[in-house]
Amino acid sequence: MESSGKLQGKVAIVTGAGSSGPGLGTGRAMAVLFAREGARVVLVDKFEERAKETLNMIQSEGGEAFIVIADLGDLSEASRIVKAAVSQYGTVDILVNNAAISSSTSLLDTSVELLQSVLTVNLAAPFMLSKAVVPVMQAGGGGSIVNISSIAALRGQGGGGQAAYASAKAGLEGLMNDVADSYGKDGIRVNCIAPGLIDTPMRNQAMQQAGVEPGTLDLTFKVSLPHEGDAWDIARAALFLAGPDGRYLTGVMVPVDGGAVARSH
Ligand code: NAD
């Protein structure tokens, strides 16, 4: 991919910037693409070795990034992450709330503990990171927040259900609408991406747990396009929303799903 320097001089925090297995997760792809476009990137992940792989990719291409290891299940970590970014790079222009845990259980099978952990990592952590970053963006004259939601927030997924995951991902849309409206006057834009069937480590592990080998999925009744997406599809959409091309976009949920949501209408 060629760079056009769209994020030159910008500082971006990307959560879940590693990948949870072989292949490319969306956080890693976004971090690498943002660095190619000139951003200095703060790589947040729970696991150092995952974040280090992303850092190595960025540095091998001459990009700039540093790692903050944090478990987003601990909500007090949000302010530490933003403080570390400001201390290292002076400001924050972009926040991508990408880290998440999946849960493939129906409403009736979801324990209180599972519900609480999914809501904490997938919704409350983006809330607290947004809260920590908005004053920095206000002081810097604006910024862009991109929340990675899911088409699970927009329609039923079939199969066994994903009640906690879908609830948390749908909550990101409410958070987006409120923050976009409240702080648009300060030049802060907030948008969501709802990935569909994207070939990433997290998705492939979930498929294997359901007994489906990655690459063998029958897409005929699932998406309009004849192929799955990959992490770069999400990264390009995030670049568009976070960067100058998205300057008049705020409060928008963008499905990047090959037509999956349109097909279910
Ligand atoms: P991935 O598992 O490859 O990467 C997620 C990263 O987040 C991992 O490196 C993991 O270590 C990190 N992480 C998880 N919990 C964390 C925590 N508590 N604190 C800090 N870091 C943590 O995942 P992916 O498939 O690239 O998914 C990324 C995002 O895309 C998620 O928000 C996911 O819900 C969303 N999404 C993916 C798909 C898909 O088909 N892959 C579909 C819809 C939505």
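Numbering of ligands and ligand atoms starts at 1, following listing order.
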Proximal ligand 1 atoms for Gly25, defined as those under 4.0 Å from one of its heavy atoms: 3 (O), 26 (O)

Ser149 neighbourhood, listing ligand 1 atoms whose heavy-atom distance to it stays under 4.0 Å: 35 (C), 44 (C)

Region of Asn98 that comes within reach of ligand 1 [heavy atoms, distance under 4.0 Å]: both

Under 3.5 Å donor-acceptor, Glu64 side chain and Val41 backbone: no

Salt bridge Glu77-Arg80, side-chain N to carboxylate O under 4.0 Å: yes

Side chain, backbone, both or neither: Lys46 near ligand 1, heavy atoms under 4.0 Å: both

Within-cut-off N or O pair, Ile198 and ligand 1, under 3.5 Å: yes

Gln205 side chain vs Ser20 backbone, donor-acceptor pair below 3.5 Å: yes

Nearest-contact summary for atom 43 (C) of ligand 1 - protein heavy atom, Å: Pro195 O, 3.3 Å

Atom indices of ligand 1 within 4.0 angstrom of Val121 heavy atoms, with elements: 18 (N)

Which atom of Ile67 lies closest to which atom of Leu55, heavy atoms considered: CD1-CD2, 3.8 Å

Lys6 and Asp245: CA distance, side-chain angles, deciding distance, side-chain contact (heavy atoms from CB on, under 4.5 Å) verdict: CA-CA 9 Å; Lys6 285 192 165 153; Asp245 293 329; 2.8 Å; yes

Ligand 1 to Ser150 polar contact by distance, N or O atoms, under 3.5 Å: no

Residue pairs fulfilling side chain to side chain donor-acceptor pair (under 3.5 Å) with at least one residue in residues 181-194, sequence neighbours excluded: Gln138-Asp186

No-hydrogen, no-angle side-chain donor-acceptor test under 3.5 Å, Ser3 and Arg36: no

Distance from atom 14 (C) of ligand 1 to nearest protein heavy atom, with residue and atom: Ala100 O, 3.7 Å

No-hydrogen, no-angle side-chain donor-acceptor test under 3.5 Å, Ser76 and Asp74: yes

Non-hydrogen side-chain atoms of Ile145 and Asn97 separated by less than 4.5 Å: yes

Shortest protein contact, atom 7 (O) of ligand 1 (heavy atom only): Gly16 CA, 3.2 Å

Gln205 touching ligand 1 at heavy-atom level, < 4.0 angstrom: no

For Phe47, the ligand 1 atoms whose distance to one of its heavy atoms is below 4.0 Å: 11 (O)

Any donor-acceptor pair under 3.5 Å from Ser79 side chain to Ala132 backbone: no

Flag for Gln157-Arg155: side-chain donor and acceptor within less than 3.5 Å: yes

Ligand 1 versus Lys169: contacting region, heavy-atom distance under 4.0 Å: side chain

Closest approach of any protein heavy atom to atom 3 (O) of ligand 1, naming residue and atom: Ser20 N, 3.2 Å

Closest approach of any protein heavy atom to atom 34 (O) of ligand 1, naming residue and atom: Tyr165 OH, 2.5 Å

Ligand-side contact atoms (ligand 1) for residue partner Gly73, heavy atom cut-off under 4.0 Å: 18 (N)

Per-atom contacts, ligand 1 versus Gly18 - under 4.0 Å to a heavy atom: 4 (O), 9 (O)

Shortest protein contact, atom 17 (C) of ligand 1 (heavy atom only): Leu72 N, 3.6 Å

Basic-acidic side-chain contact under 4.0 Å: Arg203, Glu228: yes

Donor + acceptor pair across side chains of Thr26, Asn98 (<3.5 Å): yes

Donor-acceptor contact present, side-chain Ser111 to main-chain Leu114, <3.5 Å: yes

Protein heavy-atom partner closest to atom 35 (C) of ligand 1 - residue, atom, separation in Å: Ile148 CG2, 3.8 Å

Nearest-neighbour protein heavy atom for atom 18 (N) of ligand 1, which is reported as residue plus atom name and distance: Asp71 OD1, 3.0 Å

Which of the ligand 1 atoms, numbered from 1, are nearer than 4.0 Å to a heavy atom of Ala70: 19 (N), 20 (C)

Per-atom contacts, ligand 1 versus Thr26 - under 4.0 Å to a heavy atom: 26 (O), 27 (O), 28 (C), 29 (C), 30 (O)

Ligand 1 contacted by Gly196 (non-hydrogen, < 4.0 Å): yes

